[in-house]
Amino acid sequence: MERHFGPAARLCKADVRYGEAHILDNISLSIAPGLVTAIVGESGSGKSTLLRLLNGLVRPANGEVEVFGSPLDTSDLPRVRRRIGYAVQDVGLFPHLTVIANVLLPVEIAEGDVRAGRRRAEYLMTLMGLDPGLGNRYPHELSGGQQQRVGICRAMIGRPPLLLLDESFSGIDALTRTEIHERFLRIQADEDIAVVLVTHDVREAATLGRQIVVLRSGRIEAVGETTELLARPPGDYARRLMEPLLR
Amino acid sequence: MKSVTLLLAALALLWLGGCGGSEKSNGTGATIVVGSKPFTESYVLAEIFSQALEREGLRVERRFGLGSTLIAFAALRQGEIDVYPEYTGTISEAILKRPGAGMTEISTALADVGMRMLPDLGFSNSYAMAMPQHLADERAIRRISDLTAYPDLRTAVSHEFLEREDGWPGLRHAYGLPQRPEGIAHGLAYRAAAEGRIDLTDAYSTDGDLAEWKLAVIDDDLGYFPVYLAVPLVAADLDPGARAVLESLAGRFDESLMRRLNARAVVDGESFANIARSFLDNDSVSEAGTGRRSGVAKRLLHNLVVHLQLTGVALAFASIAGIGLAAVLHNRPAAARAVLYLAGLLQTIPSIALLALMIPLFGVGLLPAVVALFLYALLPILRSSLTALTTVSPLLQEVGEAMGMTPGQRLRHVLIPLALPHILSGLRIAAVICIGTATLAAFIGAGGLGEPIVTGLALNDTGLILQGAVPAALLALLTELLFEALERRLVPAHMRTSPAA
């Protein structure tokens, strides 16, 4: 797999409009390789749209999107997307496939080694606290939190260098979540994955994110190293948002 | 893609297997294709033609029971059949639309369309009006003129008679008849009259069962009905040997002989093959040969196989076309709507009419029937596939897209499996429709389970009708079960649509 140095992804003065409405406005942002970047902000601030810019589901009206060191190649999106894991907010497991078939689907479409994929699926599921025996069930037979974790496993099955997570831990109950967070960080570090995590939960952002981006009404309100940002929240909005962490 | 190619190849083979034996060829050892219209006398004469030809060593293929004069005539014109029994009056009035044309005029007009009328068989089967004997006696009705005094007579005439210029419209005009007739299948009319459900119907003067049903023929006192001499109507390029055989039948019949032959079929339930054989034996064209007579089981099996071929091929192509079209159209709502309207329009064409419309395009036999069935099967498949594809969750489609699926992979891994439950239910409906509609294909010479039904209707033989109807019903039931099993195999339990599953 080609290796590049520099940011895993980069947005440069990107605008997204939906009719008259500015969903994202003049966004410039670098996603550091091998680190977790957390995006926080109120609902409607454009967090999910920002994720969808990175895998080409949304195209910018102006500005540029770069992934893995080169402009997002819209002529061959499938090839790029196979290197970007994506877990959507609504989980989106396929109801006609068993859990294990869902997890293995990215391997199958990339014509990868399904047997190796199966071993990795078991590893990932165990890591995410899922009994591999659940593999033969259908998604609707699992709880919401379990389904979310299956979604994460599916996004990670192909060892993507860039992983986009949209509220992917929100349905997991609080006790389990702490455990899952730790395990997730371990594998993220092991495999040197650049992660962009969208969350409305600033605690989660602070736990997982090395870098935090604060979005407000489609603009970047603040961006910085997590420790830095917590120590000196720039501006009222960021301070209010981070309130729960500042005791 | 490879599997699609294979499937198409398999279908083509199946198709060839279905039609291969039935292609008409000219040249040495030519097969003569004999047709008939779906009423007793036409069957009897066509079978006599066939056996006479076979006795001279010619190969014969029978395409009996062609749905109407127009269908039979079109089949002859298209070269799908070589000969069928027709009547001079029908040729001049209904086909050439030249009422009162003389023989020479008719011959010239026929020559223009590549046909020839051979010398007549020796009898005229004219139209007549008939009513229950007791009613005729009661009201002293002897002549058609007498009918003007009874506008209350419940009248039902065959559909063809109702429309033909030389049928009811002309008759009503000539006599000033006040009755308002309904249309009825000719095979049912006599029974209806005998059972007192109608009072007046059209009849053929050589019908064998007029006496059986205690029906009186009303005298055509104004001499309105033209003469209907029975003739073999043949393709102009018919093999000269075959023509000689058919010409040798000229003048061998008279009206009472024909009525007796018809009665043996309708009243005594004798097979056409037997009647033809004994006629030819007595009349001795040459020594006895055997027609191809097969038992009920064998005939049933043959009809079933043809039926399955018809519906199977039509359904397979309709599935490919319907699902393919749906895949192309599901994200183009305007085009989808237009195509759905068109498919819906096709569906509203009555099946027998659609089958008849296929003849100018595809002749008679399997091909036009398959095309018609294909068109019928298309709508349910297309509609359910479109519904299925348009209701597939946009979220899941996007998940597939974001995963890096190519459009083809999205179709295969997301759209089709999620759409499958609906698609299957569409296929199931289409299959059952096809099996039912295919029974009508016998009217255009495609055979199948409709063949005993059409013949049974002509002979008023309930047993024969059931020989087609019961297997067709069972086949439909079996198809339902088959689709249920298929659904159970392909669709996870929580996604099935059928109530039974």
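Computed from a predicted model, the values in this text were never measured in an experiment. Chain letters run A, B, ... following the sequence lines, proteins first and then strands; every chain starts at 1.
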Next on the checklist: I'd like to check the side chain to side chain contact (heavy atoms under 4.5 Å, CB included) partners of B:Q347; sequence neighbours left out, ordered by chain and number.
Outcome noted: B:Y376, B:L379, B:P380, B:I433
Checklist entry - Would you say A:E191 has more than 12 foreign heavy atoms packed within less than 6.0 Å of its CD? => result yes
Checklist outcome for this item: Expected contact set for residues 400-419 of chain B against chain A at heavy-atom separation under 4.5 Å reads B:G400, B:E401, B:A402, B:M403, B:G404, B:M405, B:T406, B:Q409, B:R412, B:H413, B:V414, B:P417, B:L418
Next on the checklist: Less than 4.5 Å to any heavy atom of chain B: does that hold for the side chain of A:L97, its backbone, both, or neither?
Outcome noted: neither
Checklist entry - chain B: which of A:I84, A:L164, A:D90, A:L105 shares the most heavy-atom pairs with it under 4.5 Å? => result A:L105
Checklist outcome for this item: Bottom line for A:I109: the part with an atom under 4.5 Å from chain B's heavy atoms is both
Checklist entry - Can you say whether B:L396 sits under 4.5 Å from chain A via the side chain, the backbone, both, or neither, judging by heavy atoms? => result both
Checklist entry - Heavy-atom distance under 4.5 Å to chain B: side chain of A:N55, backbone, both or neither? => result side chain
Item to check | Any side-chain heavy-atom pair of B:V399 and A:R154 under 4.5 Å | outcome: yes
Checklist outcome for this item: Within residues 110-141 of chain A, the residues sitting under 4.5 Å from chain B by heavy atom, in sequence order, are A:Y138, A:H140
Item to check | Which of A:P95, A:P160, A:A87 touches chain B most, by non-hydrogen pairs under 4.5 Å | outcome: A:P95
Checklist entry - How would you list, by chain and number, every residue that makes a salt bridge (Lys or Arg N to Asp or Glu O under 4.0 Å) with B:R383, sequence neighbours excluded? => result none
